[in-house]
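Scroll down for the structure; my scribbles are underneath it.
Hydrogens, waters and symmetry mates play no part in the numbers below; they use all other heavy atoms, side chains included. Throughout, protein chains are lettered first and strands after them, A, B, ... in sequence-line order, and every chain is numbered starting at 1. Just so you know, these numbers come straight off a predicted model, no measurement behind them.
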Protein chains: 2
Amino acid sequence: MNRTRTARSGGPAGANLGVLRSHNTALVLGLLRDAGTEGISRLELAERTGLTPQAVSKITARLREEGFAAEAGRRASTGGKPRTVLRLVPEAGHAVGVHLDRDELRVVLVDLDGTMVGERHGELHLGAGAEAVLGAVCEAVEGLVRESLGETTGGGAGAGGAVAEGGDGGVSGVRDGGLAAGAGLGGVRSLLGVGVALPGPLDHAQGVLHRVTGFPEWDGFPLRDALAERLGVPVVVDKDTNAAALGLAVGGEEGAAGRSFAYLHLGTGLGAGLVFGGSVHRGARTGAGEFGHQVIQLDGPRCECGNRGCVEVLCLGAAARGEAAEAARVLGVAAGNLVGLLDIDVVLLGGRTVAAAPEAYVQGVGEVLDAQALREGASGGPVPVRIAPRGERVVAEGAAQLLLAPLFGRGDV
Amino acid sequence: MNRTRTARSGGPAGANLGVLRSHNTALVLGLLRDAGTEGISRLELAERTGLTPQAVSKITARLREEGFAAEAGRRASTGGKPRTVLRLVPEAGHAVGVHLDRDELRVVLVDLDGTMVGERHGELHLGAGAEAVLGAVCEAVEGLVRESLGETTGGGAGAGGAVAEGGDGGVSGVRDGGLAAGAGLGGVRSLLGVGVALPGPLDHAQGVLHRVTGFPEWDGFPLRDALAERLGVPVVVDKDTNAAALGLAVGGEEGAAGRSFAYLHLGTGLGAGLVFGGSVHRGARTGAGEFGHQVIQLDGPRCECGNRGCVEVLCLGAAARGEAAEAARVLGVAAGNLVGLLDIDVVLLGGRTVAAAPEAYVQGVGEVLDAQALREGASGGPVPVRIAPRGERVVAEGAAQLLLAPLFGRGDV
DNA sequence: CCACTTTGGCAACGCTGTTGCCAAAGTGCA
DNA sequence: TGCACTTTGGCAACAGCGTTGCCAAAGTGG
């Protein structure tokens, strides 16, 4: 039907009217979301998008008809007819985010706004075998969805309607595929799909795992398709750090939209999620963000990866010895390398190790970056360092955004 | 006139029919260029872009009418009417690339194809003062253009026609501004503009220099506007490494289009140009690519930047001592950090230091990356290392691409 | 109460890529 | 040599996008 989609194989894509329409619709939807409960007027939308007011009127009329947007009062008059305020209808769509870690499972259900409306959390051993893990995930997801959204509750408009059409997202599309109607969660109309985030190296585009560190039995497992078939809804898979970064890019405070940052995660290992201009940088093979095995001490102590002087062994080693200040200094040097190389706006820190002594890390990393900026006379001052918001839910909520983000035109998920 | 352009201030941009048209036109033009002298048929264009054959026919008809494309024979029949082959008309447009280095000046003139059709090269001291430098640049540019293109030679279609319209490129637009008609090079119709590449930190978007290392008198100098006013054509300014990277992204051998790579330049200093998915990554403040002051030896020898253990001081120090192998090993470690962090496809090496012992560097860096890939069991094997093509002209030719690339829809120059 | 300002919908429009159709230009077999 | 068949690619009509011109609706201010 839509040739634009079929011809996509890495090459550049031509755009037709359908693509144009969904692009602009996604843009408007994104601004509606960013406006939150406060809402935004048609004319403001026109100004921000560069579209004419009339075009915005047509687009918002469609969105209202489909249930994604609604009128919400009006602004004060400035001497003429007051502007009508529009807002997103958060209940018109939902997405599930799954955080699959080495020893625990967290499942959240969020609405279009990104607000969490349900959660499940428990222990789970990743090495327990595919069948057991998949079963646990499916049970948690289905239970949570049915509990929160009911059996066939529509919530609002039909998901997967006009909005995502023609988009180039990586959504699997299994939903429309050869699956018996009514199977799994296919009946829950407002459910857009399930995003899954987990550690190991993997292929985001295909949804296939490579070598989850320490669990060789997952090597080559087609997680996306396996889950999509069981659940009957689209599934997207990504690295945990990428999901977290996406979540932070979307819901970031003070205008993170369109900005660039690095999310450094200190947990069992040390990884990074990179966001440039609002979209997650995954690299050619979803391998970007290998921050922990950056060498910062030539011929330094041996790391378990086989190399010498990696940040991970230096930083986490110091942290394990209780030397948070030294760990922060080492992390700061590596972060400085990254900041200089990529010219980002902010560094966000997260993960268990950081949570144990947040102030020490923010200060320690900040000092190194400040000194660097001072030396270079950087325009705009030093790059700020902050603790990433949302704490332990950052990955799961970001995973849900793997499904939501394409609707809003942010990032090329 | 075009609201799309006025509303752009960092935020997302709505698209109208004009944007759609120029997007598709640029796409087709890009494929025509990539096809080279061999040409490409309408149906192939349709397949590659995802547009319908009829849409391609309309677009190519416009391009032929405007002089940018022409028919060039036909393919062998496969049982029906043979396909007509189309090709780019290189003479329909030209761009000047200026490489302004600390002690020399190189100016090249290239056609739409990127083929060099003229060159000037000489010594120039960057510290000689703005007036002297600008004068020398303008003299070289004007002399080269008039010598190669003549006083008012059209070459082909009018530059700046329907193609770039509605595009969001950073082209200055001074040409249409408040300049007396016929001033400078405004009369040379096929000339799209001048791209200037130089070392120091600078602001690509505004075309303003920051602190060219060692030449404080350039701090804050509005190079783009100053040159645009003198020459009477659009001017774009960028860092030398970015320009080189752009040039390599465009003219790269074996399908560099859409790929990701890092260009490491070892000259007076050590810098990098990054290309992700075919577009140059400049970062928030055109500061990306600060590769040389990456710390790879905690508390190592002091670098002139004030920090300790930077790659630059270690690598170039070893090179100065004649220890190319050690320099390559150090460079390899830093390159490995970069490759792991960004998951790129290729590493390209260039610059005087590398040119002195190319094999040693390719082998030394390659060994480090191979070992890293082996340890990680990287899918797809190790990242290849190669010498960047084009030698000493890489920056100047890339600078010219600052003007050409927007026409072809590659990168967001 | 009326002049004025501002919002935002209706209708006509221009332009995009798309679809249906068919002439043109080949091959291949009788 | 002729005819059936395949493939290319232009012409014309079309659907749908954002745009423009116009005007009713809904406020403020004197």
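- Using a 4.0 Å heavy-atom criterion, one finds that A:Ile59 contacts the sugar-phosphate atoms exclusively.
- Residue A:Ser57 places no side-chain N or O under 4.0 Å from the OP1 or OP2 atom of C:dG8.
- Listed pair A:Arg42 / C:dG9 meets the phosphate criterion, a side-chain N or O lying under 4.0 Å from OP1 or OP2.
- Side chain of B:Thr60 to backbone of B:Val56: a donor-acceptor contact under 3.5 angstrom is found.
- Atom CD1 of B:Ile40 is separated from atom C1' of D:dT8 by 16 Å (rounded to the nearest Å).
- For A:Arg74 and D:dG27, the shortest distance from a side-chain N or O to OP1 or OP2 is below 4.0 Å.
- Remark: C1' of D:dC17 and NE2 of B:His23 are 16 Å apart, rounded to the nearest angstrom.
- Sequence order on DNA chain C of the closest nucleotides to A:Leu17 and A:Glu71 puts A:Glu71 first from the 5' end.
- The two residues A:Val236 and A:Leu403 come nearest to each other via the heavy atoms CG2-CD2, 4.0 Å.
- Distances shorter than 4.0 Å separate none of the side-chain N or O atoms of A:Arg83 from OP1 or OP2 on D:dA26.
- Comparing A:Ser77 and B:Gly79 by the nucleotide of DNA chain D whose heavy atom lies nearest to each, the residue mapping closer to the 5' end is B:Gly79.
- Remark: the backbone N or O of B:Ala15 is paired with a side-chain donor or acceptor of A:Asn24 at under 3.5 angstrom.
- When distances run from any side-chain atom of B:Arg62 to the nucleotides C:dG17, D:dG18, D:dT7, the shortest one goes to C:dG17.
- Nucleotide C:dG17 holds its P atom 18 Å from the CZ atom of A:Arg21, rounded to whole Å.
- With D:dG27, D:dG9, C:dG9 as the choices, the nucleotide that has an atom nearest any side-chain atom of A:Gln54 turns out to be C:dG9.
- Of the candidates A:Leu402, A:Thr286, A:Val275, A:Asn242 forms a side-chain contact (heavy atoms from CB on, under 4.5 Å) with just one, namely A:Thr286.
- Mapping A:Gly80 and A:Lys58 onto DNA chain D by nearest heavy atom places A:Lys58 closer to the 5' end of the strand.
- In the set D:dT19, C:dA24, D:dC17, the nucleotide with an atom closest to the side chain of A:Leu20 is D:dC17.
- Relative to the side chain of B:Leu43, the nucleotides D:dG27, C:dT27, D:dT8 differ in distance, and D:dT8 lies closest.
- When rounded to the nearest whole Å, the span between NZ of B:Lys81 and P of C:dA25 equals 6 Å.
- B:Thr84 comes within contact range of the sugar-phosphate backbone alone, with a heavy-atom separation under 4.0 Å but no base atom that close.
- Considering only side-chain N and O atoms, A:Thr52 lies under 4.0 angstrom from the phosphate OP1 or OP2 of D:dT19.
- Side-chain N/O atoms of B:Asn24 include one lying less than 4.0 angstrom from OP1 or OP2 on C:dG17.
- Residue B:Asn16 places no side-chain N or O under 4.0 Å from the OP1 or OP2 atom of D:dC17.
- Using a 30° and 60° split on the angle between ring planes, B:Phe276 and A:Phe276 fall in the parallel class, below 30°.
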